[in-house]
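Let me begin by presenting the structure, written as structure tokens, before commenting on it.
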Amino acid sequence: MDGWLIYNQGMQTEKFQTIHHRYIEAAKGESMTLLPLSNAEITIGIKDNRHTLLNQKKPSFVLFLDKDIQLAMQLEAMHIPVFNSSAAIAVCDDKGLMHHTLATSALNQPDTIIAPLLFQHQLTMPQAFIDRVIKQLSFPLVMKKSFGSFGYDVHLIEDREQLLALSNEWVHIPHIYQQYIEASHGRDVRIHVVGGAVVASVLRQSTNDFRANVTNGGVMHRYEPNDAFKQLAIAAADRLGLDFCGVDLLFNEDNQPTICEVNSNAHIENVSRATGIDVAACIMNHIKRRIDVKYD
Ligand SMILES: Nc1ncnc2c1ncn2[C@@H]1O[C@H](COP(=O)(O)OP(=O)(O)O)[C@@H](O)[C@H]1O
Ligand SMILES: [Mg+2]
């Protein structure tokens, strides 16, 4: 079984190479090989009316750690098993679409409002919309870019002035407005789900920020979530059609879980170090089993 590990051309740092190395070693453990390739090293197109790869032979499967949806779609169209699927990655990439999809199964999540799509000639967010956001969510509330990560584009908004300023700055950028889950200030639970089972969990905490993301100066520790947290994480992964993911859960005031976000391309390095659990091995083992079923 010769597979590809596809990553984004812009992600060639040592940090990513360490993660790729973990996957490559895990694949070996399953008697498979993984060839790391950036998305720019594979040229897709259409030739003689059919999907084609211009410079590569077809692999037997792909571990897709990128967000280049069209590349993933084309590989799938060429009958190559892709993990995660293009559809699952696309939904998770867009926070608005992700919350929308979770709501189709009424999964527990903060109240969320999706910003309207406004064309270039509309220069400000309509006042009536702003008023509805305030009425529905009240202050403080959370604003997020739909396509952000590492907590960089997640803001706590205290008043109307801040709300107007950021809404107008983001008027042409997809974003969401969300109920602030105060009980979860500076902490969340990251649960890695692989093949419908919880394989590793950490509590992430920050002492200086409402965002618990490690990249904002927080810490993470191994954590044993209760059944409610595990079940919600599994249900979210299942609803979004993910083979593997990192589900971020917040604590509401009753200490019940509510979904912050689901990461289709969750990083495994920090969680593996914090828990001693080889998440890459769990993922490659799951992929091996899925492919074995397919080729049986
Ligand atoms: N509605 C919310 N209420 C309270 N804290 C939140 C809320 N949404 C996000 N956070 C905090 O901000 C962090 C980053 O938010 P998240 O939606 O995961 O964005 P990103 O994709 O940038 O990681 C979360 O890990 C969590 O600690
Ligand atoms: Mg997050």
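Atoms within each ligand, like the ligands themselves, are counted from 1 in listed order.
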Side-chain touch Leu102/Asn108, heavy atoms, less than 4.5 angstrom: no
Determine, for Lys135 against Asp131, whether the closest basic-nitrogen to carboxylate-oxygen distance falls under 4.0 angstrom. no
Under 4.0 Å from ligand 1 - residues by heavy atom, chain and number: Lys95, Val142, Lys144, Gly148, Ser149, Phe150, Gly151, Val154, Gln178, Gln179, Tyr180, Ile181, Asp188, Arg204, Phe210, Arg211, Ala212, Asn213, Asp248, Leu250, Cys260, Glu261
Would you say the ring centers of His286 and Phe244 fall short of 6.0 Å from each other? no
Is there side-chain contact between Leu63 and Met284, with heavy atoms separated by less than 4.5 Å? yes
Could you tell me the angle subtended at the Mg ion (ligand 2) by OE2 of Glu261 and OD2 of Asp248, rounded to 10°? 100°
In the structure I gave you, are the side-chain heavy atoms of Met78 and Arg50 within less than 4.5 Å of one another anywhere? no
Please write out which residues are connected to Ile130 in a hydrophobic cluster, directly or through intermediates, given that two of Ile, Leu, Val, Met, Phe, Trp, Tyr count as joined at side-chain heavy-atom separations below 4.5 angstrom. Ile113, Leu118, Met125, Phe129, Val133, Ile134, Leu137, Phe139, Leu141, Met143, Ile157, Leu163, Leu164, Leu166, Trp170, Val171, Ile173, Tyr177
